[in-house]
Participant: 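Dropping a structure here in structure tokens format, bear with me for questions.
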2 protein chains.
Amino acid sequence: MDMKNNEKSKSSGKGSIQERTRRTILDHAARLFRERGYASTSLRDIATATGMKAGSLYYHFASKEELAEEVMSQGIALVEDRVRAAIAALPEGTDPVEVIRHAMTAHLKALHDRGDYASANIRCYAHVPPDVKDRLRKVRATYEDLWAGLIAAARAAGRIRAEVDPPALRYALIGMMNWTLEWRRGASPSAEDLAAQFYAIAFAGALADG
Amino acid sequence: MDMKNNEKSKSSGKGSIQERTRRTILDHAARLFRERGYASTSLRDIATATGMKAGSLYYHFASKEELAEEVMSQGIALVEDRVRAAIAALPEGTDPVEVIRHAMTAHLKALHDRGDYASANIRCYAHVPPDVKDRLRKVRATYEDLWAGLIAAARAAGRIRAEVDPPALRYALIGMMNWTLEWRRGASPSAEDLAAQFYAIAFAGALADG
DNA sequence: CCTACCGATCGGTAGG
DNA sequence: CCTACCGATCGGTAGG
């Protein structure tokens, strides 16, 4: 959402060397923030992983805070963009519960496609400086509102039981999906399989009939 | 589970001054680790909050690692003990799905009763030194096995649909429950209400009949 | 449980 | 993008 270019940028070509370097820095930063946490990841670690010296990072980012905010906001933005695209691709009049099922699949696919960014966001959010956290809170809130809207639509269509509390359902879905970043190893189960399982559990229920 | 006394302990009375001081240190450490993360919490922060000087912490703990491990392992132990007690209190022959419902209630109550310990465990686990993480992994695995057993029993009793993958259900339940630490503010919704909602969603499903 | 201190490492900057 | 450096802070220890 907020892919602001560094002020020092001389070129704005998407594939410029500077922008590719910037992306490389972000990739390594995301991985390190995920693995080590915000404070334990030094700019020297990130610089070394990227193949440059510590001070050189300041040619691309004004501060550690700015770098972290960029990584973490992209962790949400990448997921949100994919979920919105998946929804937009559905024909009008699609069953709102079916919309949620597709949103779950898109969320899980995006989450694990750029897992370092999403995981850095989740793991470091609470531990980042207050001003960064304030801005990230708004990014999170916007994304949560998207889910609130999907659930409200399904409820309005009479597709969700009245006893189910919409916020509880929203947090249950987000919680079970985001927790996969804490236990999934490698490439299995696939994001599609996870989405199918979680959709079946949360909407049809785990209970056997009879 | 692993309430090892400090080697320097002269007394082993549960209410000794030394043990009460130790508990005070752990309480403040848990809160600070939760709020700031592992690396951002200095021993000076913990000492100041407790009302002592930095070096004095070493009278109670051998290192920052040991202090963090104690906080984080108790974050699991407190929850596990309560869940096991809740299960043990049920009459023999209780419907295994009913056992899970009670386990969910106990988990959520314990989680938010000693939220700083549980949250410190969840938030700092990935960022703690490797040897600490290795030991905490085993503590986590033991607790997850408890849930795996509850789900296996319900499945064996024919109470869970065959299409539902047991690990997916286990991680879905743990994920939605643990995620409450990231969004719940103050005292509402209550742990009981959350448990009732999550049980209904995961087992009966959110979908309206018909 | 405190004072005083150590070596190491950190984020950030000046000047090139 | 690098070298060389700064002040601040860290975990930990000696000696009391």
Side-chain angles (χ1 to χ4, degrees), chain A residues 5-11 16-29 32-33 35-72 120 124 127-133, chain B residues 5-11 16-29 32-33 35-72 120 124 127-133:
Chain A
N5 281 314
N6 190 287
E7 295 162 357
K8 291 171 187 165
S9 268
K10 302 299 190 308
S11 162
S16 72
I17 289 179
Q18 193 168 137
E19 293 208 344
R20 272 185 285 138
T21 302
R22 191 180 156 92
R23 173 54 58 194
T24 306
I25 295 170
L26 288 170
D27 284 348
H28 286 287
L32 289 165
F33 282 134
E35 291 172 358
R36 305 183 190 181
Y38 178 73
S40 295
T41 300
S42 71
L43 293 175
R44 283 161 176 83
D45 292 334
I46 298 170
T48 300
T50 313
M52 55 175 69
K53 298 296 178 180
S56 306
L57 284 178
Y58 287 87
Y59 184 71
H60 297 276
F61 297 94
S63 65
K64 182 180 181 178
E65 290 192 16
E66 184 187 300
L67 210 180
E69 182 172 343
E70 188 69 19
V71 165
M72 292 167 70
C124 299
H127 306 149
V128 112
D131 54 313
V132 176
K133 192 174 355 185
Chain B
N5 283 313
N6 191 287
E7 295 162 359
K8 292 170 189 166
S9 269
K10 303 295 190 311
S11 161
S16 72
I17 289 179
Q18 194 170 139
E19 293 207 343
R20 272 185 284 136
T21 302
R22 192 181 156 91
R23 173 53 59 194
T24 305
I25 295 169
L26 288 170
D27 284 348
H28 286 288
L32 289 165
F33 282 135
E35 291 172 358
R36 307 184 188 179
Y38 177 73
S40 296
T41 300
S42 71
L43 293 177
R44 284 162 176 83
D45 293 334
I46 298 170
T48 301
T50 313
M52 55 174 69
K53 298 296 178 180
S56 306
L57 284 177
Y58 288 87
Y59 183 71
H60 297 276
F61 297 94
S63 65
K64 181 180 182 178
E65 289 192 16
E66 184 188 300
L67 211 180
E69 183 173 342
E70 188 69 17
V71 165
M72 293 168 69
C124 299
H127 306 148
V128 112
D131 53 313
V132 177
K133 192 174 355 185

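All figures in this text were calculated on a predicted structure; none of them were measured in a lab. Per chain, numbering begins at 1; letters A, B, ... match sequence-line order.
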Participant: Yes or no on side chain to side chain contact (heavy atoms under 4.5 Å, CB included) for B/Glu66 and B/Tyr58, after CA distance, side-chain angles and deciding distance?
Facilitator: CA-CA 10 Å; B/Glu66 184 188 300; B/Tyr58 288 87; over 6 Å; no
Participant: If the cut-off is 4.0 Å, is B/Tyr59 near the phosphate of C/dC1, judged by side-chain N/O to OP1 or OP2?
Facilitator: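 False: B/Tyr59 side-chain N/O out of range (4.0 Å or more) of C/dC1 OP1/OP2.
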Participant: To the nearest 0.5 Å, what is the distance between OG1 on A/Thr21 and CZ on A/Arg23?
Facilitator: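 Result: 12.0 Å between the selected atoms.
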Participant: What nucleic acid atoms does A/Thr41 come within less than 4.0 Å of, heavy atoms only: base, sugar-phosphate, or nothing?
Facilitator: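 It contacts sugar-phosphate atoms only.
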Participant: Which stems, defined as runs of 3 or more consecutive Watson-Crick or G-U wobble pairs with both pairing distances under 3.5 Å, involve DNA chain D?
Facilitator: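 Stems found: C:1-16 with D:1-16.
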Participant: Go through it in stages, so that I can follow the logic: the residues are A/Phe61 and A/Leu26, the test is side chain to side chain contact (heavy atoms under 4.5 Å, CB included), and I'd like the CA-CA distance, side-chain angles, deciding distance and then a yes or no.
Facilitator: CA-CA 10 Å; A/Phe61 297 94; A/Leu26 288 170; 3.7 Å; yes
Participant: Please list, in numerical order, the residues of residues 49-57 of chain A that have a heavy atom closer than 4.0 Å to any atom of DNA chain D.
Facilitator: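 Residues of residues 49-57 of chain A under 4.0 Å from DNA chain D: A/Met52, A/Lys53, A/Ser56.
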Participant: How close or far is atom C1' of C/dC10 from atom OH of A/Tyr38, stated in whole angstroms?
Facilitator: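 Distance, rounded to whole Å: 12 Å.
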Participant: Listed by chain and number, what are the side chain to side chain contact (heavy atoms under 4.5 Å, CB included) partners of A/Thr48, not counting sequence neighbours?
Facilitator: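 A/Thr48 satisfies side chain to side chain contact (heavy atoms under 4.5 Å, CB included) with no other residue.
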Participant: In whole Å, I'd like the distance from the CG atom of A/Leu32 to the P atom of C/dG11.
Facilitator: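 Taking atom P of C/dG11 as the reference, CG of A/Leu32 is at 12 Å.
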Participant: Round to a whole Å and report the spacing from CG of B/Leu43 to P of D/dG12.
Facilitator: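 Atom-to-atom, B/Leu43 to D/dG12, this comes out as 6 Å.
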Participant: Nearest whole angstrom, please: distance from the C1' of D/dC10 to the CG of B/Asp45.
Facilitator: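 These atoms are roughly 10 Å apart.
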Participant: To the nearest angstrom, how far is B/Phe61 atom CZ from C/dC1 atom P?
Facilitator: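 B/Phe61 atom CZ is separated from C/dC1 atom P by 11 Å.
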Participant: Over 60° means perpendicular and under 30° means parallel, so tell me whether B/His127 and A/His127 are parallel, tilted or perpendicular.
Facilitator: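 B/His127 and A/His127: perpendicular rings.
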Participant: Mind checking what makes salt bridge (charged side-chain N to carboxylate O under 4.0 Å, His left out) contact with B/Glu35, not counting sequence neighbours?
Facilitator: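 Partners of B/Glu35 under the salt bridge (charged side-chain N to carboxylate O under 4.0 Å, His left out) test: B/Arg31.
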Participant: Taking CD1 from A/Ile17 and C1' from D/dC1, how many angstroms apart are they, rounded to a whole number?
Facilitator: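 Result: 13 Å.
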Participant: Return the set of residues passing side chain to side chain contact (heavy atoms under 4.5 Å, CB included) with A/Ser40 (not counting sequence neighbours), or none when no residue passes.
Facilitator: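 So A/Ser40 forms a side chain to side chain contact (heavy atoms under 4.5 Å, CB included) with A/Arg36, B/Ala39.
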Participant: Tell me which nucleotide among D/dT13, D/dC1, C/dG12 gets nearest to the side chain of A/Thr21.
Facilitator: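 Shortest atom-to-atom distance from the side chain points to D/dC1.
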Participant: Rounding to a whole Å, what distance do you find between A/Tyr58:OH and C/dT13:P?
Facilitator: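 These atoms are roughly 7 Å apart.
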Participant: Out of A/His60, A/Arg22, A/His28, which residue meets the side-chain contact (heavy atoms from CB on, under 4.5 Å) rule with A/Thr50?
Facilitator: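 Passing option: A/His28.
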Participant: Apply side chain to side chain contact (heavy atoms under 4.5 Å, CB included) to the pair A/Met52 and A/Ile25, showing each step before the final yes or no.
Facilitator: CA-CA 10 Å; A/Met52 55 175 69; A/Ile25 295 170; 4.2 Å; yes
Participant: Looking at residues at least two apart in the chain, or sitting in another chain, which of them share a side chain to side chain contact (heavy atoms under 4.5 Å, CB included) with A/Lys133?
Facilitator: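 If we apply the side chain to side chain contact (heavy atoms under 4.5 Å, CB included) test to A/Lys133, skipping adjacent residues, the hits are A/Tyr125, A/Val128, A/Arg137.
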Participant: N/O contacts under 3.5 Å, protein versus nucleotides 6-9 of chain D?
Facilitator:
none

Participant: By side chain to side chain donor-acceptor pair (under 3.5 Å), which residues pair with A/Ser42, not counting sequence neighbours?
Facilitator: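 Side chain to side chain donor-acceptor pair (under 3.5 Å) check on A/Ser42 returns A/Asp45.
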Participant: Starting at atom CD of B/Glu66, determine the distance to atom C1' of D/dG12, rounded to an integer number of angstrom.
Facilitator: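 Whole-Å distance recorded here is 14 Å.
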